Amino acid sequence: MKEPAVTGTIGAFLISAFEFLYGEGSVRYLAIALYVSLIAMDWVAGYRASKIDGSYASEYGINGAYRAAFLLFMPAIGHLIDNVIGTPGIAFGFLIAAFGLHIWKSMTANVIRAGWEKWVPEWAMNAVSDEIEHKLARAIKRRQEKEKYLDGEQK
């Protein structure tokens with residue numbers, strides 16, 4: 001009999017926290033679900049791409065966790081701004097769209113780096129070509145730093 005009370009308490013806390021941070025309503029739930037899905041897909045594709053090109057480093061992944069926390073709090077800040085100035089979700093929507101576009105570009109570039117480009121339409125590849133170049137340059141630099149570190153450690 002205790003389990004439903006615990007589950008109900010946890011659920012009530014999580015829903016209250018969600019509504020405090022992001023607001024209420026099905027559109028907000030769907031917007032955040034899409035936003036979180038993009039972040040998760042960016043992580044999956046980025047992890048796979050870094051394993052393929054040899055640039056994987058746990059330190060970079062840890063920094064990615066901080067980046068994800070930052071990205072998750074930005075829509076909350078938008079919601080709080082809307083509450084302060086009395087707008088109906090304008091700041092929230094703007095931040096979701098702006099950061100969501102950046103995450104989509106990152107995710108798409110990571111998908112291409114991971115070798116899954118056959119699933120990406122050509123217009124999307126063109127739209128993220130700059131992001132791909134930046135990611136490839138960072139991956140090469142990280143791989144070189146990793147090799148330099150490993151070579152120095154073996155001597």
Side-chain angles (χ1 to χ4, degrees), residues 1-53 55-139 141-142:
M1 196 56 111
K2 209 174 187 186
E3 189 175 310
V6 171
T7 306
T9 302
I10 291 170
F13 172 77
L14 291 176
I15 289 173
S16 297
F18 181 91
E19 288 182 355
F20 173 76
L21 290 172
Y22 303 116
E24 57 185 69
S26 60
V27 171
R28 301 249 181 174
Y29 297 142
L30 292 172
I32 292 296
L34 175 61
Y35 191 72
V36 169
S37 297
L38 283 174
I39 292 171
M41 290 175 8
D42 185 28
W43 272 59
V44 169
Y47 175 78
R48 185 67 188 138
S50 68
K51 284 296 203 178
I52 288 172
D53 66 20
S55 65
Y56 176 78
S58 59
E59 181 180 325
Y60 191 74
I62 291 168
N63 288 335
Y66 289 116
R67 174 183 170 264
F70 174 82
L71 290 171
L72 289 172
F73 278 111
M74 286 311 297
I77 289 171
H79 172 65
L80 294 175
I81 289 170
D82 285 331
N83 283 340
V84 168
I85 62 176
T87 54
I90 293 172
F92 173 83
F94 175 78
L95 289 174
I96 284 277
F99 282 97
L101 177 62
H102 176 73
I103 297 164
W104 174 80
K105 285 182 176 183
S106 176
M107 180 216 44
T108 304
N110 282 334
V111 164
I112 293 166
R113 281 181 51 230
W116 305 331
E117 63 275 350
K118 72 179 183 180
W119 303 107
V120 179
E122 190 171 333
W123 64 265
M125 284 194 232
N126 293 335
V128 300
S129 60
D130 288 346
E131 183 74 17
I132 294 168
E133 290 175 21
H134 293 293
K135 285 186 177 292
L136 287 174
R138 281 195 309 260
K141 182 181 175 189
R142 279 198 310 271

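Small disclaimer: the values here were computed from a predicted structure and weren't measured. Along the sequence shown, residues carry numbers from 1.
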Point-to-point distance, once rounded to the nearest 0.5 Å, from [atom1] of [X] to [atom2] of [Y]:
| X | Y | atom1 | atom2 | answer |
| --- | --- | --- | --- | --- |
| Ile132 | Asn110 | CD1 | CG | 9.5 Å |
| Trp116 | Thr108 | CH2 | OG1 | 12.0 Å |
| Ser37 | Ile32 | OG | CD1 | 10.5 Å |
| Leu34 | Leu38 | CG | CG | 5.0 Å |

Could you pull out the closest heavy-atom pair between [X] and [Y], with the gap in Å?
| X | Y | value |
| --- | --- | --- |
| Ala114 | Ala49 | N-CB, 3.7 Å |
| Ala68 | Ile39 | CB-CG2, 4.3 Å |
| Lys135 | Ser106 | NZ-OG, 3.0 Å |

Q.
Could you tell me if the side chain of Arg113 sits less than 4.5 Å from the side chain of Ile52, heavy atoms only?
A.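 Sidechains of Arg113 and Ile52: no contact.
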Q) Are any non-hydrogen side-chain atoms of Trp104 and Val128 less than 4.5 angstrom apart? A) yes
Side-chain donor-acceptor distances from residues 70-84 under 3.5 Å, at least two apart:
unit_1: His79; atom_1: ND1; unit_2: Arg28; atom_2: NH1; d: 3.2
unit_1: His79; atom_1: NE2; unit_2: Asn83; atom_2: ND2; d: 3.2
unit_1: Asp82; atom_1: OD1; unit_2: Thr87; atom_2: OG1; d: 2.5
unit_1: Asp82; atom_1: OD1; unit_2: Ile90; atom_2: N; d: 3.3
unit_1: Asp82; atom_1: OD1; unit_2: Ala91; atom_2: N; d: 2.8
unit_1: Asp82; atom_1: OD2; unit_2: Gly89; atom_2: N; d: 3.4
unit_1: Asp82; atom_1: OD2; unit_2: Ile90; atom_2: N; d: 3.3
unit_1: Asp82; atom_1: OD2; unit_2: Ala91; atom_2: N; d: 3.4
unit_1: Asp82; atom_1: OD2; unit_2: Phe92; atom_2: N; d: 3.0

With a cut-off of 6.0 Å (strictly less than), are more than 12 heavy atoms of other residues, nucleotides or ligands near [atom1] of [X]?
| X | atom1 | answer |
| --- | --- | --- |
| Lys105 | NZ | no |
| Phe94 | CZ | no |
| Glu24 | CD | no |
| Arg48 | CZ | no |

Q: Sorted by first residue and then second, give each side chain to side chain donor-acceptor pair (under 3.5 Å) pair with at least one member in residues 62-72; sequence neighbours left out.
A: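 Of all non-adjacent pairs touching residues 62-72, those that pass side chain to side chain donor-acceptor pair (under 3.5 Å) are Asp42-Arg67.
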Q. Taking the side chain from Ser50 and the backbone from Gly46, do they hold a donor-acceptor pair closer than 3.5 Å?
A. yes
Q) Are Tyr35 and Phe99 an aromatic pair by the rule of ring centers under 6.0 Å? A)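 Aromatic pair excluded; centres sit 6.0 Å or further apart.
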